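Data first, discussion second: the structure below is written as structure tokens.
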Amino acid sequence: GENVEQHPSTLSVQEGDSAVIKCTYSDSASNYFPWYKQELGKGPQLIIDIRSNVGEKKDQRIAVTLNKTAKHFSLHITETQPEDSAVYFCAARYAGGTSYGKLTFGQGTILTVHP
Amino acid sequence: ETGVTQTPRHLVMGMTNKKSLKCEQHLGHNAMYWYKQSAKKPLELMFVYNFKEQTENNSVPSRFSPECPNSSHLFLHLHTLQPEDSALYLCASSTQEGENTEAFFGQGTRLTVV
């Protein structure tokens, strides 16, 4: 099965700085890598995803990069704002078996943006 | 709102009680999932249903019993739980087809076993 490692577990930045969260995965067959943001008292919400035929994807202040050879992918948030403070999870979809939606999650990163 | 609704939002139960968690989605998805979220741990997949059929049981103790009567509803029946079962239980749904494999999560049920 898939194994996903996420670092750092906590990240503290000043407003306006950039934040980078990194994940590695073990199964080379994985082909879908979403990032979720979880605010207090809410369920995880998808913020950006990338598929294995793409190396980078950007959506306003958020970008994700994927290195399939090294089996790692990263989330980049630029010009951080206090409302970016949340727990961020990376995930990888294990492409084998019958369960195409099955995701393996990283341990999560608590991001705090100080005003 | 993600289109996935979970009830109740909070639940406190004794170890001898029987209770059920409910999840409902009206997104037209065919796959539904139960995840457990404990402090300082990754989200743990518990069960997967595809087209109402259970396709995954991730070595979950029998005191957790899922039920999927149709593609829009998913239940998690709880009985004789332990304090270590206290956690946030998240339901998610996704479509099986094509490239759209985004999973939508509900807000979760915060379960406390006393």
Side-chain angles (χ1 to χ4, degrees), chain A residues 1-10 21 23-27 29-54 57 59 64 86-110, chain B residues 1-7 9-10 21 23-25 27 29-51 53-59 71 74 87-110:
Chain A
E2 178 64 275
N3 182 50
V4 177
E5 296 286 334
Q6 182 173 344
H7 299 280
S9 56
T10 59
I21 303 171
C23 288
T24 60
Y25 62 99
S26 61
D27 192 329
S30 289
N31 60 3
Y32 174 64
F33 307 93
W35 285 89
Y36 285 84
K37 176 183 181 182
Q38 187 174 23
E39 297 175 322
L40 198 62
K42 295 185 178 181
Q45 192 160 4
L46 181 77
I47 55 171
I48 195 167
D49 57 13
I50 192 167
R51 289 173 173 80
S52 59
N53 57 346
V54 176
K57 183 176 178 181
D59 182 4
V64 58
V87 182
Y88 290 81
F89 293 95
C90 64
R93 187 193 85 175
Y94 177 52
T98 59
S99 187
Y100 265 59
K102 179 182 174 182
L103 295 169
T104 300
F105 284 85
Q107 297 89 334
T109 296
I110 301 172
Chain B
E1 281 297 328
T2 62
V4 181
T5 304
Q6 288 186 245
T7 54
R9 292 291 311 277
H10 301 273
L21 310 184
C23 177
E24 188 173 352
Q25 59 91 6
L27 300 169
H29 291 166
N30 295 310
M32 295 188 77
Y33 315 80
W34 280 117
Y35 283 86
K36 177 183 179 182
Q37 187 175 30
S38 305
K40 299 183 180 179
K41 282 187 173 183
L43 276 76
E44 301 172 63
L45 180 65
M46 301 174 71
F47 301 103
V48 181
Y49 278 81
N50 290 311
F51 296 92
E53 298 297 320
Q54 187 180 129
T55 56
E56 184 108 14
N57 177 338
N58 210 21
S59 302
S71 293
L74 185 65
L88 182 68
Y89 288 84
L90 290 160
C91 172
S93 71
S94 71
T95 180
Q96 277 284 88
E97 298 177 356
E99 287 289 305
N100 184 1
T101 55
E102 177 182 350
F104 291 81
F105 284 85
Q107 292 187 301
T109 295
R110 173 68 62 185

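Proteins get letters first, then strands, A, B, ... in listed order; numbering begins at 1 in each. No experiment lies behind these values; they were computed from the predicted model shown.
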Interchain contact, B:Gln37 with chain A, by part (heavy-atom threshold 4.5 Å): side chain
Name all residues meeting the side-chain hydrogen bond (donor to acceptor under 3.5 Å, both in side chains) criterion together with B:Ser71; count only those two or more places apart in sequence or in a different chain, and write none if there are none. none
Check step by step if side-chain contact (heavy atoms from CB on, under 4.5 Å) holds for B:Lys41 and A:Gln107. CA-CA 6 Å; B:Lys41 282 187 173 183; A:Gln107 297 89 334; over 6 Å; no
So which of A:Pro44, A:Gly108, A:Gly41, A:Ser9 has the biggest tally of heavy-atom pairs under 4.5 Å with chain B? A:Pro44
Contact origin within B:Leu90 toward chain A - heavy atom pairs under 4.5 Å: side chain
What part of A:Pro34 is in contact with chain B, defined as an atom under 4.5 angstrom from a non-hydrogen atom: side chain, backbone, both or neither? neither
Considering residues at least two apart in sequence or located in another chain, which fulfil the side-chain hydrogen bond (donor to acceptor under 3.5 Å, both in side chains) criterion with B:Arg110? none
Proximity of B:Tyr33 and B:Phe105 rings by center, below 6.0 Å: no
Please classify the contact between A:Gln38 and chain B as side chain, backbone, both or neither, with a heavy-atom cut-off of under 4.5 Å. side chain
Under 3.5 Å: donor-acceptor pair, side chain of A:Glu2, backbone of A:Asp27: yes
